[in-house]
Amino acid sequence: MKTLLSNDLNPTLPKWQQPEKVAGWVVMAGAAGAGVYYWGQIVPYLVDIVFNSVKLGIGLGALFVLFLLGTNKRIQTGIWYAGQRVLRTLAGIFVNTDPIGIMEDYIANTEKEARQMEGEIGHIEGAHELVKRKLAANETQMKEYLALADSATRQHEKDAAEAYASRAAQILDYNQRLQPMATTTANVTVVMRQILKAALRQIDGSKFKVGLLKDEYELVKRTSSGMRAAMNILRGDPDKKYFFDLATDRVAQDMAQQLGQIKQAMRYSQEFVKEMDIQNGVMSEKGQRLLDRYQKGDFNALMDSTKAPVSTSVAATKQRSDDAYSSLLD
């Protein structure tokens, strides 16, 4: 009876129409479809794994950098000085941090105040001139009222005379009250002129002093720069000196290690030479004894006694090999 597993099932059908072949193709097609379907779900997962691994590496690198920043004294010192430099630069945008510049700014502000003071003196002098003119005008007006009062009195016009006399008295009282103001403005003008003169003299002295300090400061800076270069040559730059000392210590350590290796090699070679000398001495003594026997005629007897039989057993052969190795070691 033929079964599905028999080899002669449908022998006349082509191979691609046989049941086992069709089933194999179906299974392969299903596996390929499942692979394509699940590959679309696996790829995003793999991509996420790769990018998360990259992010993890970046995060670990950042943590390592932060660890170095927190533990390395040289890096901390460099960051501290860099921060001071940045803050000083930012402050220099708004505030002049140069000492010479600060003094020049002070002189410029003083000159500005002196110009303002000169303008105020001009206003006060103008007010004083107005007071003087007002006093002179009032005095002229008062004289006119008195003349009118005198004329009215001669004409027996008592009311008009009293009115003119009263106006003259009011003007006199006004001038008496205004006169101290005129005196004050005159005194203030004189004092302010003296203060302005002293301030201008002080400003000129300050300009001369600042100019001298500026020249001296520039000369000192150039001299200090040259001397700093000389001291760097004599004493060495601190940072470069530090690395120089590290390199020197490294070279010294390497030299010490290599010298130790050389001494060890010399000890080994010395021991080897001694051993070779001993072996050579032993061989020389054996050769000398052999020469003495040869000269005495004992060499042939010695060679006859050392000849081994041709046919020997395995045990004898092994014993001779051991004896030969023993003689070599001797």
Side-chain angles (χ1 to χ4, degrees), residues 3-7 9-10 13-102 105 221 224-226 228-265:
T3 61
L4 292 175
L5 298 176
S6 61
N7 294 327
L9 180 63
N10 296 328
L13 294 175
K15 291 183 177 181
W16 63 274
Q17 290 183 353
Q18 295 178 6
E20 63 275 12
K21 298 294 182 178
V22 174
W25 283 109
V26 170
V27 171
M28 291 180 63
V36 172
Y37 175 75
Y38 286 106
W39 179 254
Q41 295 181 353
I42 293 173
V43 168
Y45 177 71
L46 295 176
V47 171
D48 291 337
I49 289 177
V50 171
F51 280 99
N52 289 332
S53 300
V54 173
K55 292 179 182 178
L56 178 62
I58 295 173
L60 292 176
L63 290 177
F64 181 70
V65 172
L66 292 176
F67 175 76
L68 290 179
L69 294 178
T71 56
N72 196 329
K73 297 295 183 182
R74 294 177 63 82
I75 295 177
Q76 291 178 358
T77 304
I79 292 175
W80 171 257
Y81 284 116
Q84 284 188 342
R85 186 64 179 269
V86 171
L87 293 176
R88 189 178 294 111
T89 303
L90 293 176
I93 297 175
F94 304 99
V95 180
N96 192 357
T97 57
D98 185 18
I100 301 297
I102 291 173
D105 290 340
K221 283 175 62 178
S224 176
S225 178
R228 191 181 300 112
M231 291 303 295
N232 288 333
I233 295 173
L234 297 176
R235 188 175 55 189
D237 185 72
D239 295 334
K240 295 181 180 179
K241 186 69 165 55
Y242 174 76
F243 291 109
F244 177 80
D245 293 337
L246 289 179
T248 304
D249 295 338
R250 180 65 179 176
V251 171
Q253 292 177 1
D254 291 340
M255 290 177 61
Q257 185 177 2
Q258 293 177 6
L259 287 174
Q261 294 176 356
I262 292 171
K263 289 180 179 180
Q264 186 176 5

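Values below: every heavy atom of this structure, side chains too, minus hydrogens, waters and symmetry copies.
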Student: Report the distance from atom CG of Leu56 to atom CZ of Phe51, rounding to the nearest 0.5 Å.
Tutor: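 Here the interatomic distance stands at 15.0 Å.
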Student: I need the Leu66 CG to Leu63 CG distance, nearest 0.5 Å.
Tutor: 6.0 Å
Student: From Asp48 CG over to Lys55 NZ, what is the distance, rounded to the nearest 0.5 angstrom?
Tutor: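 Reported to 0.5 Å precision, the distance equals 8.5 Å.
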Student: What is the distance from atom CZ of Arg250 to atom CG of Asp254, rounded to the nearest 0.5 Å?
Tutor: 4.5 Å
Student: Could you give the distance from CE (Met255) to CD1 (Ile262), rounded to the nearest 0.5 Å?
Tutor: 9.5 Å
